[in-house]
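Please read the structure below before turning to the comments.
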Amino acid sequence: MEKIKFITEYELRASPKMLFPYISTASGLSQWFASKVNTMPEQRFDFQWDNESHIARQVSMRQNKGVRFEFLDTAEPGTDNNYVDFRVDQSELTQSTFLRVTDYSSTTDQEELKDLWDGLMDKLKEIVGS
């Protein structure tokens with residue numbers, strides 16, 4: 001199955017330090033990204049959507065900069081696993097904070113992905129007061 005890399009960026013009125021726990025911790029992610037998130041041993045997280053469990057491994061993290069979760073067992077032999085990558089950037093000129101999302105998955109409908117991420121970001125913006 002073909003996979004695509006969907007990249008989008010959102011401006012948030014929150015400092016990187018304030019925003020980071022919402023993209024890197026189970027309690028933060030469960031407030032806007034998944035219905036439930038549990039931490040597991042070995043940098044693994046259990047993301048739950050629609051009562052389905054999706055296990056991901058945190059493959060990278062830079063404090064107040066970004067985090068990547070690679071979903072295990074989502075690849076055909078010889079292909080990459082799905083992942084979601086969150087990057088926090090701050091404009092030095094305007095002091096605006098941007099969250100760049102990279103969603104690598106087999107969902108090929110760009111419009112569907114845009115609507116999904118717009119809805120998730122609206123939820124996150126409400127939480128951080130943006």
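Considering all non-hydrogen atoms of both residues, Gln31 and Ser27 come closest at CG-O, 3.3 Å. When every heavy atom of Thr97 is checked against every heavy atom of Ser15, the shortest pair comes out as OG1-CA, 4.0 Å. Minimum interatomic distance between Trp49 and Ala34 (heavy atoms only, all atoms of both residues): NE1-CA, 3.4 Å.
Here the NZ atom belonging to Lys36 is positioned 14.5 Å from the CG atom belonging to Leu29, to the nearest 0.5 angstrom. Rounding to the nearest 0.5 Å places CG of Leu124 at 6.0 Å from CG of Leu19.
A 4.5 Å side-chain heavy-atom check between Ile7 and Val101 finds every atom pair outside the cut-off. Taking the side chain as every heavy atom from C-beta outward, Phe20 and Phe86 never approach each other to under 4.5 Å. Considering only heavy atoms from C-beta on, Leu116 stays 4.5 Å or farther from Thr107 through its side chain. The shortest distance between side-chain heavy atoms of Glu11 and Ser96 falls below 4.5 Å.
Atom CD of Gln95 sits in a crowded spot, with more than 12 heavy atoms from other residues, nucleotides or ligands closer than 6.0 Å.
Checking Asn81, Asn82, Ile4 one by one against Ser105, the side-chain contact (heavy atoms from CB on, under 4.5 Å) holds for a single residue, Asn82.
Checked against side-chain hydrogen bond (donor to acceptor under 3.5 Å, both in side chains), Arg100 has the following partners two or more places apart in sequence or in another chain: Asp89. Residues meeting the ring-ring contact (aromatic ring centres under 6.0 Å, His included) test with Phe45, sequence neighbours left out: Phe69. Under the ring-ring contact (aromatic ring centres under 6.0 Å, His included) criterion, Tyr104 pairs with Tyr83, sequence neighbours left out. For Asp85, the salt bridge (Lys or Arg N to Asp or Glu O under 4.0 Å) partners two or more places apart in sequence, or in a different chain, are Arg68, Arg87.
A donor-acceptor pair under 3.5 Å is absent between the side-chain atoms of Thr102 and the main chain of Val84, judged by distance alone. Not one N or O on the side chain of Trp117 forms a donor-acceptor pair closer than 3.5 Å with the backbone of Phe6. In this structure a side-chain-to-backbone donor-acceptor pair under 3.5 Å is present from Trp32 to Tyr22.
No single ILVMFWY cluster, assembled from side-chain heavy atoms under 4.5 Å apart, contains both Phe33 and Phe98.
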**Request:** Go through the steps to decide whether Lys3 and Ser106 satisfy the test side chain to side chain contact (heavy atoms under 4.5 Å, CB included), and finish with yes or no.
**Result:** CA-CA 4 Å; Lys3 295 190 181 191; Ser106 51; 4.3 Å; yes
**Item:** From CA spacing to verdict: side chain to side chain contact (heavy atoms under 4.5 Å, CB included), Leu99, Met121
**Value:** CA-CA 9 Å; Leu99 179 61; Met121 283 303 138; 3.6 Å; yes
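Residue pairs meeting the salt bridge (charged side-chain N to carboxylate O under 4.0 Å, His left out) criterion with at least one partner in residues 109-128, sequence neighbours excluded, are Lys114-Asp118.
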Under 3.5 Å, side-chain donor or acceptor atoms of residues 53-67 against the rest of the protein: list the pairs with distances, not counting sequence neighbours.
residue	atom	partner	partner atom	Å
Ser53	OG	Asp46	OD1	2.4
Ser53	OG	Asp46	OD2	3.2

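Checking Gln48 against Ser35 by side-chain atom types alone, no donor-acceptor pair falls below 3.5 Å.
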